[in-house]
Structure formats: structure tokens, C-alpha cells
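Written out below as C-alpha cells is the structure these notes cover.
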Amino acid sequence: MSIRVRFAPSPTGYLHVGGLRTALYNYLFARKNNGKFILRIEDTDRNRYVEGAVENLINSLKWCGLNYDEGPDVGGDFGPYMQSQRLDIYKTYADKLISEGHAYYCFCTPERLEELRKEQMAKKLPQAKYDKHCLHLSRDEVQKKLSKNIPHVVRLNVEPGKKIIFEDVIRGTVEFDSDNIDDQVLIKSDGYPTYHMANVVDDHLMQISHVIRGEEWLSSTPKHVLLYNYFGWELPTFAHLPLLLNPDRSKLSKRQGDVAVEDYRAKGYLKEALINFVALLGWNAGDDKEFYYIEELIEKFSLERVNKSGAVFDIEKLNWLNAEHLRAKSDTDLLTMLKEELSKSKYADLTLSDDYLLHVIHAMKERVSFVNEFITKSPYFFEMPSSYEEKTIEKNWEPDTPEQLKKLRDKFALLENPSRKDYEKALKETANELGIGAGKLIHPLRLALSGMSTGAGIYDILFIIGKDETIKRINQAINTLK
RNA sequence: GACCCCAUCGUCUAACGGUUAGGACAUCACUCUUUCAAGGUGAAAAUACGGGUUCGAUUCCCGUUGGGGUCACCA
């Protein structure tokens, strides 16, 4: 049997990182097993329609590199891939169920349903359930109501007293009692199907072999199993993934931080890092490897090694992986990204040669976790210091510092086309002549050049900004700080 | 509340009956570097609890506790 899996999000406006993880596992599983990865949009809730949501979702997926073989914008033999365009299909199958007694029309008003619920609550029933009231309507009564256009839904006719047992690749055998299962609405009064109906019909029609989805669906899986049984269809293999969690161990949600892939993208996270990180939330290859590119994930992935328990989304580890992936990038890749970042910054109007930026990258690569930090952590490569760190002044700027720096400045002035080594030699000579340690010069010099106490190697800074700029900055510092 | 799922360092996890319970992030120390990082070395840090099964349980079974998910004409 050929492997076909799908990612079936509802278009809520953005791609949730939990959704990303689900999509990724589906993708990895498909690629690993020479299967097909399908994108299906579950847009059956008209009340939740969001303009541009599908485009957004697709953009995020594509940014991550999770390309699908079939989907709304790429087509395929099993379309359409938007559930809102498949209404007639669901209707046909619902009719089939009705004619076979596995589903029935229900004309109950929301008011009656509400009352029923209250009644059941008052009786302290373990669970509020529909009372099959409309199941007992005669054929004629149903026809009459239908012809009068009375609003109605179609409900699943759950047979009580049955055990519903299914296998889950990740959780093993899972068992439910049909007494605990409500007569789920299959077709809503607006003619749209509910998730349960559309999901089962589409998975079957699209020949989905493995349903890989979040654990939040585990409880409704018996309803789906019932549907497969009533239709006489073969069950797909189920794999319910552990949830992604907030630091307080509740289901990962918007309230406790960023949750959309686009948020992480906007913050400068690399797609490689995000993929790598999210892949390790609930899965590992069984070894100690932590750094992965997606190709290696495809090679190693298996559903059998997916964990059962939820995983906290630990931003610290993501940050570390981002830094790792950043450092693993070539200088030329980083150059492209840095230019992009600069064009969005206040230094957009600066004209800096590739050569200059490459030197900056080389000097700062080990010190940044995000591309924009080349700018925020070393602004001194892009402008003169406009202020000087107070703490550093107190610590390193002494009364005789200006005189010493003047001497150093004059020494630098004599250099011709100096290399890093030339600067170093000049500095050490000056220190010698002054009878002081090199540190006495280096610290105030760093302050003069950068305005701060941390950053790139001092000789890198000297070399990169150049002699003229160096002299200018020393003068400015002396004038400002006295 | 009912149903279902889950349970190893703070966090992500390894160990598929026998290990000094391993690794990574984070934390701390030392080291390298006259900065800060990165790197290196090291430290602290876990099998929720109680019963079984077994010569032997992190591992298998049962219970307790704890956490989570689901209980819509939302997905």
C-alpha cells in the first residue's frame, strides 16, 4: 500500500508551531517512505472565516521548506483540497449513512438542546449527551419537516453498548465505550460538514494511509472509527502526537508567548533552527545528536520513536540552536542575510562594500545568535559612538588616559595601510614606551572606538573601521570624556 | 465531573530487566582570550509514590497521586 499522509489545518490566520510540528512529522514520514504529503484545508466553519488565512498558512509552510505533493494551490488527483469546495461529496455520503440508519436528521432547536443540557447537568449525569429525540421521528414526519425547510442537522447514530477499540502507532491499543460517545453532528444546519464527517470522508477518498495528528484528536477518534465502520471503509493507521506545551505544561497557546511560525520568522529565527528544534520536541533518533538539517531528519525519522508525553516549548534551546545554525552558515550566505537586515535598519542608506561586511561577519560570527545582532551588538561598525557606557568610563577612563590615547593615536597615524598585526605592534610599543600594560590602552581604546566594553576583537575593530576613522573616534572620545 | 492520554535532572531527552541512570539547553566554577562571546574542562541536577512479578526493576503489572487533553451545528 502506498504511503499517503496529510496535514489538514483549519485556516485560522497563521501556522501554529504545534501545527508546524505536525506538518513536519507528516512531511518527514512521507519523504522517508517515498510517500505523498498532502495539504488539505479544513475550512468548514464559516463563522471562523479569516481573509488571507490560507495564503498565510501556505506561505509559512513554504518558508519552512515543507513542500507538499498535492494541495489547493498545486492540485492533484484527489481534489479539490479545500473542504468548502467538497460540500456535495459530504452530502452524498451523509445520505448514504441516513439511508442505512447510521445517521439521522435532527430538527431540534438550539434552545431545546440547551435545555436538555441543563436538565442533564441538574441530574448530575456524567456527561451531557443528545437524547436521540429525532431518531424516533417517522419517515413521514421527517419528510414533512424537510419539505417545510425546517432547519436541521444530520447526526451520527451511535449504537450504545459497544466497545470501540483501535490501534495507535504511538499509544498502542486505545479503548472507548460507545455509551460515552455523543450522537455527533455530521452535517450542520448551514449544510457544511463538521470536522468529524469531512475528515473521515476526505481521508478515505484521498486514500490517506496514516493519520498523523495532535493528541487533542484522540478523544474524538472513536467517532471517526465508527464512521469508517459504518461506511465499510478500511481504517487508516492512527498516530496521535504528544502536545506542545507552555512552560506551565498547558497546551501551547498564544497567551504565553509567540505561537505563530511567522512570529519566529519575524524575530529572525532561521527556518533550519525552527525545524530542527521542533523535530526534537517529541522525537529523537535514539542517539545524542541534536543538530540536524532536514535531510538528516528525513533519513532518521520514524513514528515508532515518537514519544508519548507532551513537550514544553523551551525558547532557550531554540535560541541555542539558532546560534548553532547561524554559525554553520557560510559567510556569503550570512552576507546576503546581513544586507537584507541592513536594508531594513536605520543604516539602510549606508553604502558598505561586501568586503567590509564580510569582515564584520567574520569578526562577530561567534558572538551573535541572530542575524540582526550583527547590527545591534556591533553598531560601531556602522556609526561612530554617540555615547559612552557609564560603567566602562568609571572603570577604564583614568585622568591620564587622554594623554596616553593621544600618543597611541599619533603612533597609529604613522602607519601605512596597516594590518591587524601592525595595529597590535603599534599598541604594544606605545604601552611599552609609556611603561604601562597593554590593557591600560586597550580598554579605553575599545571604549573610544565602540562606546562599549564588549564586542569584536580590538584589532579587528581597528582594521575594519580603518585608520582615519580610528583617529577620528579617538579624538571624539578625548574631547567628550576629557 | 465523565472519558481518554501521560509520568527519568528546571527543560528536551537516552537507557526497549542487569549502566557509577548517559547526552543536550539553561545554571555555576575553572580555562582560553588583556573585552564579550565561541571553544575546552568540571560541578550541581532526575527515575512521583505504594504494592506486586522477578535472582534483579527506570524498564513489566496493579493502585495512588500529579499533569494534560476531550466532552459544540470549532477545528
Side-chain angles (χ1 to χ4, degrees), chain A residues 8-12 42-48 83 106 108 110 113 117 121 124-130 151-155 168 170-172 174-177 179-182 184-196 198-199 213-222 240 242-243 245 247-251 277 280-291 304 307-321 323-324 327 364-369 377-378 392 396 427 431 437-443 445-447 450 452-458 461:
Chain A
S10 94
T12 53
E42 310 236 330
D43 56 344
T44 56
D45 185 356
R46 289 195 293 179
N47 301 321
R48 286 218 284 182
Q83 291 186 326
C106 171
C108 290
L113 261 21
R117 186 166 316 158
M121 295 267 275
K124 295 233 172 37
L125 256 43
Q127 183 195 16
K129 263 175 65 183
Y130 182 63
H152 60 273
V153 300
V154 175
R155 286 185 184 273
D168 186 284
I170 295 164
R171 283 152 219 288
V174 185
E175 188 178 316
F176 289 82
D177 199 324
D179 291 346
N180 295 319
I181 297 165
D182 200 2
Q184 182 65 47
V185 169
L186 263 20
I187 304 285
K188 299 180 253 185
S189 57
D190 63 2
Y192 278 65
T194 56
Y195 171 86
H196 311 284
N199 180 263
R213 74 222 309 187
E215 195 195 333
E216 67 264 34
W217 296 111
L218 193 59
S219 319
S220 41
T221 303
H240 286 95
L243 260 22
L245 274 23
D248 71 358
R249 304 203 75 86
S250 58
K251 189 167 143 185
F277 174 64
L280 260 17
L281 252 27
W283 172 88
N284 77 90
D287 52 25
D288 288 337
K289 192 171 162 68
E290 305 262 5
F291 185 94
E304 285 71 25
N307 292 144
K308 297 177 206 290
S309 47
V312 173
F313 191 93
D314 176 15
I315 197 86
E316 297 280 3
K317 191 150 184 178
L318 207 211
N319 290 343
W320 169 72
L321 269 173
E324 289 288 298
R327 282 182 217 115
M364 289 300 292
K365 202 171 175 177
E366 303 293 308
R367 291 162 233 264
V368 300
S369 296
K377 283 196 165 178
S378 52
T392 314
N396 294 312
L427 186 139
K440 276 263 180 272
L441 286 175
I442 288 172
H443 296 298
L445 176 62
R446 171 181 294 283
L447 182 67
S450 73
M452 50 182 87
S453 63
T454 64
I458 190 73
I461 298 178

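Owing to the predicted nature of the structure, the values given are computational and were not obtained by experimental measurement. A note on names: the letters A, B, ... follow the listed sequences, proteins ahead of strands, and every chain is numbered from 1.
Dashed line: the shortest gap from a side-chain N or O of A:R249 to OP1 or OP2 of B:C12 is under 4.0 Å. In this model, the phosphate group of B:U13 is approached by a side-chain N or O of A:N307 to a distance below 4.0 Å at OP1 or OP2. Of the side-chain N and O atoms in A:N284, one or more sit less than 4.0 angstrom from OP1 or OP2 of B:A14. Taking side-chain N and O atoms only, A:S453 has no distance below 4.0 Å to OP1 or OP2 of B:C36. Dashed line: the shortest gap from a side-chain N or O of A:K188 to OP1 or OP2 of B:A72 is not under 4.0 Å.
The same atom, C1', is picked in B:C49 and in B:U11; the two are 23 Å apart, to the nearest Å. B:C32 and B:G39: their C1' atoms are spaced 8 Å apart (whole Å). Atom C1' of B:C6 sits at a distance of 38 Å from the matching atom of B:U41, rounded to the whole Å. Taking atom C1' on both B:A57 and B:A21, the two are 12 Å apart, rounded to the nearest angstrom. To the nearest whole angstrom, the two P atoms, one in B:C36 and one in B:A29, are 13 Å apart. When the C1' atom is compared between B:U35 and B:G68, the two are found 47 Å apart, to the nearest whole Å. The separation of B:U47 from B:A7, taken at their C1' atoms, amounts to 10 Å, rounded to a whole angstrom. One P atom belongs to B:A15, the other to B:C60, and the distance between them is 12 Å to the nearest Å.
A:D45 places a side-chain heavy atom less than 4.5 Å from the side chain of A:K188. By the 4.5 Å heavy-atom criterion applied to side chains, A:N396 and A:L447 are not counted as neighbours.
B:A72 is unpaired under the criterion used here, namely a Watson-Crick or G-U wobble arrangement in which both key atom distances are under 3.5 Å. Across all strands shown, B:C36 forms no Watson-Crick or G-U wobble pair with both distances under 3.5 Å. Base pairing of B:U59 is not made with any nucleotide, judged by Watson-Crick or G-U wobble geometry with both donor-acceptor distances under 3.5 Å. The pairing partner recorded for B:G10 is B:C25, the criterion being a Watson-Crick or G-U wobble arrangement whose two distances lie under 3.5 angstrom.
Among B:U13, B:C73, B:C4, the nucleotide with an atom closest to any side-chain atom of A:F176 is B:C4. The nucleotide whose nearest atom lies closest to any side-chain atom of A:Q127 is, among B:C71, B:U70, B:A75, B:C71. Here the nucleotide nearest the side chain of A:E316, chosen from B:C4, B:G23, B:A26, is B:A26. Here B:G22 is the nucleotide among B:G22, B:U70, B:G68 with the atom lying nearest to any side-chain atom of A:D288. Picking from B:C25, B:C5, B:C73 the nucleotide with the shortest atom distance to the side chain of A:S189 gives B:C73. Distances were taken from every side-chain heavy atom of A:Y195 (C-beta onward) to each of B:A75, B:U35, B:U11; the shortest belongs to B:A75. Minimum atom distance to the side chain of A:T454 is reached by B:U35, of the listed B:C73, B:U35, B:A7.
When the nearest nucleotides of RNA chain B are assigned to A:D177 and A:I170 by heavy-atom distance, the more 5′-ward of the two goes with A:D177.
Using a distance-only test at 3.5 Å, with no hydrogens or angles considered, a donor-acceptor pair links the side chain of A:R446 to the main chain of A:A456.
The distance between atom CH2 of A:W320 and atom P of B:G10, rounded to the nearest whole Å, is 20 Å.
Residue contacts shown for A:H240 are absent, as no nucleic acid heavy atom lies under 4.0 Å away. Note on A:I442: a base of the nucleic acid sits closer than 4.0 angstrom, heavy atoms only.
By the 6.0 Å contact criterion, NZ on A:K440 is open, its count of non-hydrogen atoms from other residues, nucleotides or ligands being 12 or less.
Looking at A:R171, its side chain has no donor and acceptor atom pair within 3.5 Å of the base of B:C5. For B:G23, the base has a donor-acceptor partner in the side chain of A:E290 [N/O atoms by modelled type, under 3.5 angstrom]. Side-chain to base pairing of A:K317 with B:A24: one donor and one acceptor N or O lie within less than 3.5 Å of each other.
A donor atom on one side chain and an acceptor atom on the other are not found under 3.5 Å apart for A:N307 and A:S309.
Ring geometry for A:W217 against A:Y195 counts as parallel: the plane angle stays under 30°, on a 0 to 90° scale with 60° as the upper cut.
Atom CZ of A:F277 is separated from atom CD of A:E290 by 10.5 Å, given to the nearest 0.5 angstrom.
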